[in-house]
Amino acid sequence: MRVLVTGGSGLVGRAIQHVVKEEEEEEEEEGSTAAKEEEEWIFLSSKDANLMSMEETRAAFERHRPTHVIHLAAVVGGLFKNMKYNLDFWRNNIHINDNVLQAAHEVGAVKVVSCLSTCVFPDKTTYPIDETMIHDGPPHESNFGYSYAKRMIDVHNRAYFQQHGRCYTAVIPTNVFGPHDNFSIEDGHVLPGLIHKTYRAQKDGTPLVVWGSGAPRRQFIYSLDLARLFLWVLREYPEVEPIVLSVGEEDEVSIGEAADAVVEALGFNGAVEYDISKADGQFKKTASNAKLRRYRPDFMFTPFRQALKETCDWFVENYDAARK
Ligand code: NAP
Ligand code: GDP
């Protein structure tokens, strides 16, 4: 099993690197070498190949000839970057996905696990949302470029199965956070953005400004939990149909609660303000993890506050090198 991970240098890719290494170390301690001998892992970044180019994508796949692929590479960003660049999100991601899936097919990769997101679900819907509802109505207008491009992965997967019998599937994670995230205030997602803003406010003695009303609700998944689930999907999940990877509906929090948790994790003691002139985005995208629970009833998610503390500690320790 030779696994090629596209987007191996990003938030999720680095978490998968971490978990694979952790497994190898555990096996070494136990004196077993089974998985190590059976699996070779290759992590690509955009420096290895620009996956917008079919030529470069084919060359990378010819070079490594993977049997299995985890496809993470994408143009990714938070609400405010999405609102500005819907065209770029649409075009870049459509090209990357088409190139990667076709190159994987051409070298005979037997399994590809790609990554959707709960933003792909319809905006006007009933809750909780599940895997059967991806194409049921337009996504939220703030990120339609990204959302439609991601939805098309599901179309690709069903067509590769129908025409070529390929087991190309996708996972649907909720908002992800963890070490190695993109902590850019302008372009990043809410948690890394709030962590960076709180760190700066603490240093400068200024208020923390949370964007929007704080009322929207999100389910957050720790990147290391997502990485562990990704490995399970790659090794064991048998379906072409996608699967939601999420904490339970009861673990959804408001943006206001998430901001309070960041304040606590960083020990911030200044004022917290809300800038309601900024967009709220989709109010909620509450996803059901019932399918995941049918397969993995015992999977333990890291408690949100513990995962957030680990992420904040990582950011403070790696401030100079962190992406921001
Ligand atoms: P990220 O940290 O921004 O990483 C993106 C990765 O894609 C990087 O490794 C980047 O390479 C690579 N990449 C971007 N453009 C590329 C190109 N043209 N050619 C080759 N590689 C390219 O993103 P992430 O948060 O880990 O996201 C991973 C996957 O999870 C994505 O498919 C995303 O849609 C999905 N997802 C993310 C979230 C979230 O909250 N973050 C939620 C749901 C789903 P460089 O490092 O070289 O730039
Ligand atoms: P989304 O989940 O796809 O909408 O993307 P984000 O991770 O960017 O979360 C956006 C939500 O967080 C919206 O309700 C924003 O108003 C709110 N928010 C509050 N402060 C921030 C911030 O500093 N950065 C970002 N990206 N969103 C923020």
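Atoms within each ligand, like the ligands themselves, are counted from 1 in listed order. The structure presented is a predicted model; accordingly, all values stated were derived computationally and were not measured.
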Suppose we measure from [atom] to each protein heavy atom; which comes out shortest, and what is that distance?
atom                    : answer
atom 20 (C) of ligand 1 : Ala49 O, 3.3 Å
atom 6 (C) of ligand 1  : Gly7 CA, 3.6 Å
atom 30 (O) of ligand 1 : Cys115 SG, 3.2 Å
atom 28 (C) of ligand 1 : Leu72 O, 3.6 Å
atom 18 (N) of ligand 1 : Asn50 OD1, 3.0 Å
atom 14 (O) of ligand 2 : Asp280 O, 2.6 Å
atom 11 (C) of ligand 2 : Ile255 CD1, 3.9 Å
atom 8 (C) of ligand 1  : Ser9 OG, 3.7 Å
atom 19 (N) of ligand 1 : Leu51 N, 3.0 Å
atom 5 (O) of ligand 2  : Leu79 N, 3.6 Å
atom 17 (C) of ligand 2 : Trp211 O, 3.7 Å
atom 15 (C) of ligand 2 : Ala279 O, 3.7 Å
atom 26 (O) of ligand 1 : Val12 N, 2.9 Å

Discussion item. Once you measure the plane-to-plane angle for Tyr160 and Tyr168, does it fall in the parallel (<30°), tilted (30-60°) or perpendicular (>60°) bin?
Written reply: tilted
Would you check if [X] and [Y] make a side-chain contact, meaning some heavy-atom pair closer than 4.5 Å?
X      : Y      : value
Val176 : Leu11  : yes
Met54  : Gln102 : yes
Leu229 : Phe299 : yes

Worksheet item: Where's the contact between Arg323 and ligand 1, heavy-atom distance under 4.0 Å: side chain, backbone, both or neither?
Response: side chain
Worksheet entry | side chain to side chain contact (heavy atoms under 4.5 Å, CB included) assessment of His71 paired with Asn97 | CA-CA 8 Å; His71 171 38; Asn97 297 336; 2.8 Å; yes
Worksheet entry | Between His105 and Arg166: side-chain donor-acceptor atoms closer than 3.5 Å | yes
Check this for me - ligand 1, [X], N or O atoms closer than 3.5 angstrom, yes or no?
X      : result
Gly10  : yes
Tyr146 : yes
His180 : no
Lys150 : yes

Check each atom of ligand 2 against the heavy atoms of [X] and keep those under 4.0 Å away; list them by number with element.
X      : answer
Asn175 : 2 (O), 7 (O)
Val210 : 19 (C), 20 (N)
Pro216 : 14 (O)
Lys197 : 22 (C), 23 (O)

Proximal candidate to [atom] [heavy atom criterion; set [options]]:
atom                    : options                        : result
atom 21 (C) of ligand 2 : Ile276, Val209, Val190         : Val190
atom 14 (C) of ligand 1 : Ser46, Ala74, Cys119, Ala73    : Ala74
atom 42 (C) of ligand 1 : Val76, Ile96, Thr174           : Thr174
atom 44 (C) of ligand 1 : Asp187, Leu116, Val176, Val171 : Leu116
atom 26 (N) of ligand 2 : Ala259, Gly78, Gly188, Gly193  : Gly188
atom 4 (O) of ligand 2  : Gln219, Arg218, Gln282         : Arg218

Worksheet item: Short list, please: which atoms of ligand 1 are under 4.0 Å from a heavy atom of Met52?
Response: 18 (N)
Worksheet entry | Atom indices of ligand 1, in the order listed, that fall short of 4.0 Å to a heavy atom of His189 | 39 (C), 40 (O), 41 (N)
Output yes when [X] and [Y] qualify as a salt bridge under the 4.0 Å nitrogen-oxygen rule, no when they do not.
X      : Y      : value
Glu55  : Arg58  : no
Arg305 : Glu310 : no
Lys278 : Asp275 : no
Glu23  : Arg235 : yes

Fill in: Glu239, Glu241, Glu131 screened by side chain to side chain donor-acceptor pair (under 3.5 Å) with Lys291, the one that passes
Glu239
Item to complete: Might you work through the side chain to side chain contact (heavy atoms under 4.5 Å, CB included) test for Phe183 and Tyr199, ending with a clear yes or no?
Response: CA-CA 11 Å; Phe183 291 86; Tyr199 177 88; over 6 Å; no
Discussion item. Let's go through Val100 and Thr57 carefully: what are the C-alpha distance in whole Å and the side-chain angles of both, what is the deciding distance for side chain to side chain contact (heavy atoms under 4.5 Å, CB included) to 0.1 Å, and is it a yes or a no?
Written reply: CA-CA 7 Å; Val100 166; Thr57 308; 4.3 Å; yes
Worksheet item: Is the shortest distance from a heavy atom of Lys285 to ligand 2 less than 4.0 Å?
Response: yes
Practice prompt. Take every heavy atom of Arg14, measure it against each atom of ligand 1, and state whether any distance is under 4.0 Å.
Written response: no
Fill in: Donor-acceptor contact present, side-chain Thr67 to main-chain Arg2, <3.5 Å
yes
Worksheet item: Just by modelled atom types, is the Cys119 backbone N or O under 3.5 Å from a matching donor or acceptor in the Ser147 side chain?
Response: yes
Worksheet item: Under 4.5 Å between side-chain heavy atoms, hopping through other hydrophobics if needed: is there a path connecting Val69 to Leu44?
Response: yes
Worksheet item: Run the ring-ring contact (aromatic ring centres under 6.0 Å, His included) check on Phe177 and Phe304 step by step: do they pass?
Response: CA-CA 10 Å; Phe177 70 101; Phe304 177 60; 5.8 Å; yes
Fill in: Closest approach of Asp130 to Ser288 (non-hydrogen atoms, all atoms of both residues)
CB-CB, 4.5 Å
